[in-house]
Chemist: 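Got a structure for you, written out below as structure tokens; questions coming shortly.
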2 protein chains.
Amino acid sequence: METLEEILKQDKNAKTKLFKKGEVIQNKGQYSPHTYFVSKGLLRSYIIDSKGKQHIFMFACEGWIMADLESIEFEHPTELFIDCLEDTEVVIFDRNWMTKPDVEADQLLQNIRLLYRRMGVLQKRILMQMSSPAIDRYTHFLETYPQLPNRIPQHMIASYLGITPQALSTIRAQNR
Amino acid sequence: METLEEILKQDKNAKTKLFKKGEVIQNKGQYSPHTYFVSKGLLRSYIIDSKGKQHIFMFACEGWIMADLESIEFEHPTELFIDCLEDTEVVIFDRNWMTKPDVEADQLLQNIRLLYRRMGVLQKRILMQMSSPAIDRYTHFLETYPQLPNRIPQHMIASYLGITPQALSTIRAQNR
DNA sequence: TTAATGCATTCATGTAGATTAACAAATGAG
DNA sequence: CTCATTTGTTAATCTACATGAATGCATTAA
């Protein structure tokens, strides 16, 4: 079977778009039912809570998809900001892209596998958030995304882990 | 469009199964690539962490699906236990059920919507776990699952929220 | 060069929630 | 019915992590 990327490159309907580092793709309050497949670069989604604090929901580098599925499924405005941590190339899909009649079986299968993979990651994240201390979550992050620490600053890792940059710094110091 | 339940009832391939309250459907360490659609009753999935503590990952009542998607997608043994909190009727699917050639378009669309819905819930849960205190998570749980508090004991709600039963008890007392 | 800005580290103190324990009420089994 | 288990509550103490402030070090701009 071909990779999703190979399939997408042959797809006439797929819209490719380039974003610059720092560019904002989606703002809180919008309803934008798009799903982004990252073919190159690095995206980030995050919320800003009632106290003004940022919390990174996820990163998406090459081969991952980025979308506010809660917003798309329940059809309400998004709480998520999405922006680019690097110059990024994405393929954009609309709502219900997966079930359009012209979608090929191969592509559909790949799409569904991406959804499963994503859910697997979300599931693991919830379980770790509930049952493991910050040090274990950090170790797990390093194992799962070995390439990311070289591409993003520490404070973003902390934000992803759900702790402060100070706490992460302390953890790293103890672990040395 | 018909509901998934109506579709499933006409499906010759769908296997229906009955479980008794308390029965264990899946144990940690197994690899069982099944997805359960709950047509009646209530299922629970949970992990037991390295210190022996239980953490409830999710509940699935009527109309929801239950599966260890991490295990299915990455093809490793499950960490999740699944058991019945009530007498429960489920429809069982195997790995790759969604992409079988004999699956009808209507059913496929419904299946994908269930996946999206589930991911929306997971996403919200992660964001709340990171950014909101226990009291807010409890309130959100009550809004999202108004029927569940009548069907499960408090300590299971606490376990789902990621806090101890004592903490939940205190929160509820303050809120009165 | 000198500010100015962003990033990481360390420390002192504060706090949400964990832990442990004790107890009462409800439920269930023999 | 009785006894045992499950469930929910309250309180005292403990701990992981937050908060706020100070410091050093790059990088960039003027």
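Model, not experiment: these values are computed from the prediction. Throughout, protein chains are lettered first and strands after them, A, B, ... in sequence-line order, and every chain is numbered starting at 1.
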Chemist: Atom CD of A/Q154 to atom C1' of D/dG24: distance rounded to whole Å?
Modeler: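 To the nearest whole Å, that distance equals 16 Å.
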Chemist: So, B/Q26 versus B/D83: side-chain donor-acceptor pair below 3.5 Å or not?
Modeler: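 Side chains of B/Q26 and B/D83: no pair found under 3.5 Å.
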Chemist: Which letter, B, S or -, goes with each nucleotide of nucleotides 15-21 of chain C from 5' to 3', with contact meaning a protein heavy atom under 4.0 Å?
Modeler: --SSBBB
Chemist: Below 6.0 angstrom between ring centroids: does that apply to B/F59 and B/Y145?
Modeler: no
Chemist: Can you check the B/Y138 OH to D/dG8 P distance for me, whole Å?
Modeler: 10 Å
Chemist: Would you say the ring centers of B/Y46 and B/F81 fall short of 6.0 Å from each other?
Modeler: yes
Chemist: Rounded to the nearest 0.5 Å, how far does CG of B/D87 lie from NZ of B/K40?
Modeler: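 Going from NZ on B/K40 over to CG on B/D87, the span is 7.0 Å.
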Chemist: Between A/M128 (CE) and D/dA16 (P), how many Å, whole number?
Modeler: 16 Å
Chemist: Figure out the CZ/P separation between A/R151 and C/dC7, and round it to whole Å.
Modeler: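 Distance check: A/R151 CZ to C/dC7 P gives 18 Å.
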Chemist: Cut-off 3.5 Å, side chains only: do A/Y160 and A/R44 have a donor facing an acceptor?
Modeler: no
Chemist: Closest approach to the side chain of B/R172, judged atom by atom: which nucleotide of C/dA8, C/dT9, D/dT9 is it?
Modeler: D/dT9
Chemist: Given D/dG8, is OP1 or OP2 found less than 4.0 Å from the side-chain N or O atoms of B/H155?
Modeler: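 So the side chain of B/H155 is within the cut-off, an N or O lying under 4.0 Å from OP1 or OP2 of D/dG8.
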Chemist: Under 6.0 Å between the ring centres of A/F93 and A/F37?
Modeler: no
Chemist: Which nucleotide in the set C/dC7, D/dT10, C/dT10 lies at the smallest distance from any side-chain heavy atom of A/S169?
Modeler: C/dT10
Chemist: Expressed in angstrom and rounded to an integer, what is the separation of B/Q174 atom CD from D/dG8 atom C1'?
Modeler: 16 Å
